[in-house]
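The structure under discussion appears below in the form of structure tokens.
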Amino acid sequence: MADLEEFFSDLHIHSAYSKATSPEMRIENISRIAKMKGLDLMGTGDCLNQKWIEEIKSKLEVSGEEIRDPKYGVNYILTVEVEDINRVHHLIILPEISSAQSMAEEFGSSDEGRPKVKMGAPEIVEIVKEFEGEIGPSHAFTPWTSVYKEFNSLRDCYQEELRNVNFVELGLSASTEMADRISELSRFTFLSNSDAHSPKADKLGREFNSFLIEEPTFKEVSMAIKRKNKRKVGLNFGLDPRIGKYFLTACVRCHKRYSREEAESVNWKCKCGGRIKKGVKDRVDELADLTKPRSPKHRPPYIGGVPLIEAISFLEGKSLSSRVVYTKWMEILEKFGSEIEILVKADLSELSSLGKLSKLIDDMRGGKLKVFPGGGGEYGKLL
């Protein structure tokens, strides 16, 4: 067996063919930012959309499972997010383009990059298994379109087909520590992905994983998800869950934060007239059958932080769109090579020249960030 290598990956993104997605989500922009981030393997997103598949075929080198951008050296794996009949979102990973094209026919053609499928979760899993793919719940705790929004357990959602589900995507407002208070999740591999709708530096790669595999192909990633032949996920990097816009229970209009008891007492209706949305923290508390997280031996380390450009924006006291912030970000990348090198790989002594930024990165790695928590659709903020 060849030596295993560490490949950094963001498997859940969307193309320009998904609703509410930037028209800039094209291969050349995705690959360029992925390279700057230090991402070796990207999910294609939207691989059931025929127009996006044609773009992939025309702009990338494709040979079976191997899909690569020769200009940037970024590898791709076929992925798509689908919405089922219960409004639960699922992330699907497929072996090759022929699988995606055949699956698109099974689900019915759609111009939408993230299609709505008129099937329940068990039927979708059966089809994915026919094509030897992998499937798991997307952003499992998000209070809009997720498995734990609609169901109280994975078994309720996937029924007998749960045996063919091998991973759970945590989502922006949840972390390993939170999810490991729910004992039914102990056997699943956790993934952290960006769900990026834009190639901007604060969106693409804001969450990522490292895979310990031989090469960046579907077969190897599938083995890592199943933890076979020593393949595995080596690291989950996610937003500090408090940064997520649905961490706390809050009004979706004015963003006033509520305790669960306060929200229940006003029948989930804010004084401003807005709807109060239950936060991920409160939902995990409802679902948890463990008072403290109990992580299985296979669980990799989890780092909760923020994208590098967001950290620079905070320290500079300027907006993410500021030229000062972007220039600083580029200068740091040029010096250190990639964002992932800075956030998770480099020894802190190597980052000493970054001053306050070095301290902030140390706080990220140590779980010591100070945050004003998000809620009701408003992102949290560093303090």
Side-chain angles (χ1 to χ4, degrees), residues 4-13 29-43 45 68-69 71-77 79 169-170 172 175-176 190-196 198-213 215-216 220-221 224 231-241 243 300-315 320 325-326 328-354 357-367 369 382:
L4 300 182
E5 298 181 42
E6 186 173 38
F7 292 86
F8 288 91
S9 169
D10 179 2
L11 298 183
H12 182 176
I13 68 168
N29 295 324
I30 295 168
S31 291
R32 177 173 56 84
I33 298 299
K35 180 70 173 180
M36 296 167 77
K37 289 272 183 169
L39 292 163
D40 310 294
L41 176 63
M42 292 297 302
R68 187 172 185 273
D69 188 326
K71 180 177 180 180
Y72 293 101
V74 175
N75 302 280
Y76 284 82
I77 188 171
T79 61
E169 184 183 70
L170 293 172
L172 305 184
S175 66
T176 289
F190 288 165
L191 296 181
S192 300
N193 301 306
S194 71
D195 194 2
S198 162
K200 289 183 178 179
D202 63 316
K203 298 294 188 287
L204 195 143
R206 60 186 167 182
E207 298 205 342
F208 57 85
N209 319 277
S210 78
F211 286 108
L212 298 178
I213 52 181
E215 55 187 359
E220 289 286 318
V221 168
R231 277 73 165 174
K232 62 181 181 179
V233 174
L235 172 73
N236 295 125
F237 182 100
L239 285 184
D240 183 302
I243 296 284
Y302 179 95
I303 296 176
V306 295
L308 181 61
I309 200 165
E310 195 167 325
I312 296 169
S313 170
F314 168 71
L315 292 173
L320 286 167
V325 171
Y326 181 78
K328 183 81 169 177
W329 181 65
M330 290 292 291
E331 288 174 351
I332 293 172
L333 291 186
E334 186 173 347
K335 180 176 181 179
F336 290 93
S338 75
E339 182 161 321
I340 287 173
E341 180 68 32
I342 297 161
L343 294 181
V344 304
K345 295 173 73 175
D347 189 275
L348 284 171
S349 62
E350 300 174 52
L351 304 178
S352 59
S353 63
L354 298 179
L357 182 57
S358 175
K359 174 64 168 59
L360 192 60
I361 291 168
D362 188 22
D363 288 344
M364 281 189 214
R365 295 181 185 181
L369 287 180
L382 292 174

Problem set entry | Stepwise side-chain contact (heavy atoms from CB on, under 4.5 Å) test for V344 and I361 | CA-CA 8 Å; V344 304; I361 291 168; over 6 Å; no
For this session: Show your working on side-chain contact (heavy atoms from CB on, under 4.5 Å) between D240 and V306 and close with a plain yes or no.
Result: CA-CA 7 Å; D240 183 302; V306 295; 5.5 Å; no
For this session: Any chance you could lay out the side-chain contact (heavy atoms from CB on, under 4.5 Å) test for I332 and L357, step after step, and finish with the verdict?
Result: CA-CA 11 Å; I332 293 172; L357 182 57; 3.6 Å; yes
Exercise. Would F237 and I340 count as a side-chain contact (heavy atoms from CB on, under 4.5 Å) if you check the C-alpha gap in whole Å, the side-chain angles of each, and the deciding distance to 0.1 Å?
Worked result: CA-CA 10 Å; F237 182 100; I340 287 173; over 6 Å; no
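Atom CG in L308 sits 7.5 Å away from atom NZ in K37 (nearest 0.5 Å). Distance check: N29 CG to L204 CG gives 10.0 Å after rounding to the nearest 0.5 Å. Between the CD atom of E310 and the CD1 atom of I243 there is a distance of 6.0 Å, given to the nearest 0.5 Å. Put simply, CZ on F190 and CG on N236 are 8.5 Å apart, with the number rounded to the nearest 0.5 Å. Between E350 atom CD and K345 atom NZ the span is 11.0 Å, to the nearest 0.5 Å. Annotation: the span from S210 atom OG to L41 atom CG amounts to 11.5 Å, rounded to 0.5 Å.
No donor-acceptor contact under 3.5 angstrom links the side chains of S192 and Y302, judged on distance only. Between the side chains of N75 and D40, not a single donor N or O lies within less than 3.5 Å of an accepting N or O.
Side chain of S9 to backbone of M42: no donor-acceptor contact under 3.5 angstrom is found. The main-chain N or O of L11 is found under 3.5 Å from a side-chain atom of T79 such that the two form a donor-acceptor pair.
Two residues are said to be in side-chain contact when any heavy atoms from C-beta on lie closer than 4.5 Å; N193 and E207 fail this criterion. Considering only heavy atoms from C-beta on, M330 comes within 4.5 Å of M36 through its side chain. Using a 4.5 Å heavy-atom threshold, the side chains of K232 and P300 count as separate. Residues P307 and W329 fail the side-chain proximity criterion, which asks for heavy atoms closer than 4.5 Å.
Here the closest heavy-atom approach between residue G38 and residue F8 is recorded as O-CB, 3.7 Å. Across every non-hydrogen atom of L172 and S194, the tightest pair is CD2-O, 4.2 Å. When every heavy atom of L354 is checked against every heavy atom of I342, the shortest pair comes out as CD1-CG2, 4.4 Å. The minimum heavy-atom distance linking M364 with A311 is given by the pair CE-CB, 4.2 Å. Between L369 and G304 the shortest heavy-atom distance is CD1-O, 3.9 Å. For the pair E339 and L333, the tightest heavy-atom approach, listed with the atom from each and the gap, is N-CD2, 3.4 Å.
For the pair R206 and D202, the salt-bridge criterion is not met [side-chain N within less than 4.0 Å of a carboxylate O].
Annotation: F211 is not in aromatic contact with F7 [ring centroid separation under 6.0 Å not met].
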